Amino acid sequence: MKKIQMVDLQTQYFKIKNEIDNAVLNVMESSAYINGPEVKAFQTELEQYLDAKHVIPCANGTDALQIALMALDLKEGDEIITADFTFAATVEVIHLLKLKAVLVDVDYDTFTMDIEKLKAAITPNTKAIIPVHLFGQCANMEEILKIAKDNHLFVIEDNAQAIGADFIFSDGTTKKSGTMGTLGTTSFFPSKNLGCYGDGGAIMTQNDDLAHKIRGIVNHGMYERYYHDEVGVNSRLDSIQAAILRKKLTQLDIYNEARKKVADFYDEAFANHPNILTPERAKNSTHVFHQYTLRILNGKRNELQQFLAEKEIPAMIYYPVALRKQKAYFQESNDADFVNTDRLLGEVISLPMHTELDDEQLKYITDSVLEFMELTN
Ligand SMILES: *Cc1c(COP(=O)(O)O)cnc(C)c1O
């Protein structure tokens, strides 16, 4: 059996090696390394794929979040509501810009922002909501958009983990994740569903004025060369990464389908187990399984991770600490308001999830998890 990895980017690369190598070499020969035709072509192709009016590539997913916030003309102390259970980048940029992060609990079943908690967190100082489409599934955007409209709030979708997912509105229409809010952001970090071979990111919007503004911010606030109208940043996608992403974008739906097959295999193996909860598949979102995250109910999650490690099966705890308890972002809070987050921190374990897992590996993984559960019953 091939060694099991959390993410197997090497095998994935070898399947498209020729195309990728040629694309990279073409960029080298062209010598257009920054903002060349490859970046423009990738931007257009991603706009088409997402049905987004504007995609603005940038250097990484964290920058994308920061730039999105910078574009909204917020002022120090404005409140931004986001989830307590997510990767730290979301809250990091809020702090960096001296805005106030207001963290709310997540829904126990979907791991995304709890709608009632969101409503309760809104104050006259609230300016924006950042829902995170965690692990590959959209937050409840229909409700979030309604709440944002009623309260005149911006919405920035952190779509680093769910590119390619569809949100399904109650009237049956669908939209791609990251294209519904005022702004959407994503990351092309290698292990993301659409990953490049280095760092990369993008911002999405349907709004022409915001798109124009952001195109300046990513390039030192310049709209005309050497005239700086805004305080900007240097955050660009390089041409080599864009060339790689153009090839990989053509595979994204195939990759997401392969992830879903892995999830189906896992789901079937663990169905109806009294101490294992498989990820819920929400009715209002397709799932692109950036992660496949189980909840282990017998209190032995850490022992399970150890047991799997001894069998050379990697498994990860996303995430072990709530953001509100992190040293850098610590805030006084009432734990009673965060029961789901705090419960999830002790129960979640993410199994290997990537596009190259075969049935032999999957059977070994599921048998090993079930063996542990049997032993510790
Ligand atoms: C990966 C990730 C980011 C940051 O993306 P980078 O490209 O690594 O900067 C932001 N938010 C979430 C939810 C992520 O998973």
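When a ligand or atom number is given, it counts from 1 through the structure's own listing order. No experiment lies behind these values; they were computed from the predicted model shown.
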Would you say Asp171 and Thr173 are linked by a side-chain donor-acceptor pair, where the criterion is simply a distance under 3.5 Å? yes
Notebook entry, point to check: Counting distance only, does the side-chain N/O of Thr123 pair as donor-acceptor with the main-chain N or O of Asn125 below 3.5 Å?
Noted result: yes
Checklist entry - When the ring centroid of Phe111 is compared with that of Tyr319, is the distance short of 6.0 Å? => result no
Taking only non-hydrogen atoms of Ala160 and a 4.0 Å limit, the atoms of ligand 1 in range are 2 (C), 3 (C), 10 (C), 11 (N), 12 (C), 14 (C), 15 (O)
Going by the 4.0 angstrom heavy-atom rule, the piece of Val132 near ligand 1 is side chain
Under 3.5 Å, which donor-acceptor pairs link side chains of residues 291-299 to any protein atom two or more places apart or in another chain?
residue, atom, partner, partner atom, Å
Tyr292, OH, Asp267, N, 3.4
Tyr292, OH, Asp267, OD1, 2.6
Thr293, OG1, Ser350, OG, 2.8
Arg295, NH1, Tyr108, O, 3.0
Arg295, NH1, Asp109, OD1, 3.0
Arg295, NH2, Thr278, O, 3.0
Asn298, OD1, Lys300, N, 2.9

Note: ligand 1 atoms sitting under 4.0 Å from heavy atoms of Lys192 are 1 (C), 2 (C), 3 (C), 14 (C), 15 (O)
Counting only nitrogen or oxygen atoms and a 3.5 angstrom limit, does Thr86 reach ligand 1? no
Numbered in order shown, the ligand 1 atoms found under 4.0 Å of a heavy atom of Asn60 are 7 (O), 9 (O)
Please work out whether the ring planes of Tyr318 and Phe135 are parallel, tilted or perpendicular, with thresholds of 30° and 60°. tilted
- Parallel, tilted or perpendicular: which fits the ring planes of Phe169 and Phe167, with parallel below 30° and perpendicular above 60°? perpendicular
Going by the 4.0 angstrom heavy-atom rule, the piece of Asp158 near ligand 1 is side chain
Return a yes/no value for Asp199: is any of its N or O atoms, backbone included, closer than 3.5 angstrom to an N or O of ligand 1? no
Residue, atom and distance of the protein heavy atom nearest atom 9 (O) of ligand 1 read Thr62 OG1, 2.5 Å
Handout entry: Distance under 6.0 Å and angle within 45° of ring axis: Arg324 vs Phe338
Key = yes
Query raised in the report: Purely on distance, is any nitrogen or oxygen of Gly61 under 3.5 Å from one on ligand 1?
Result: yes
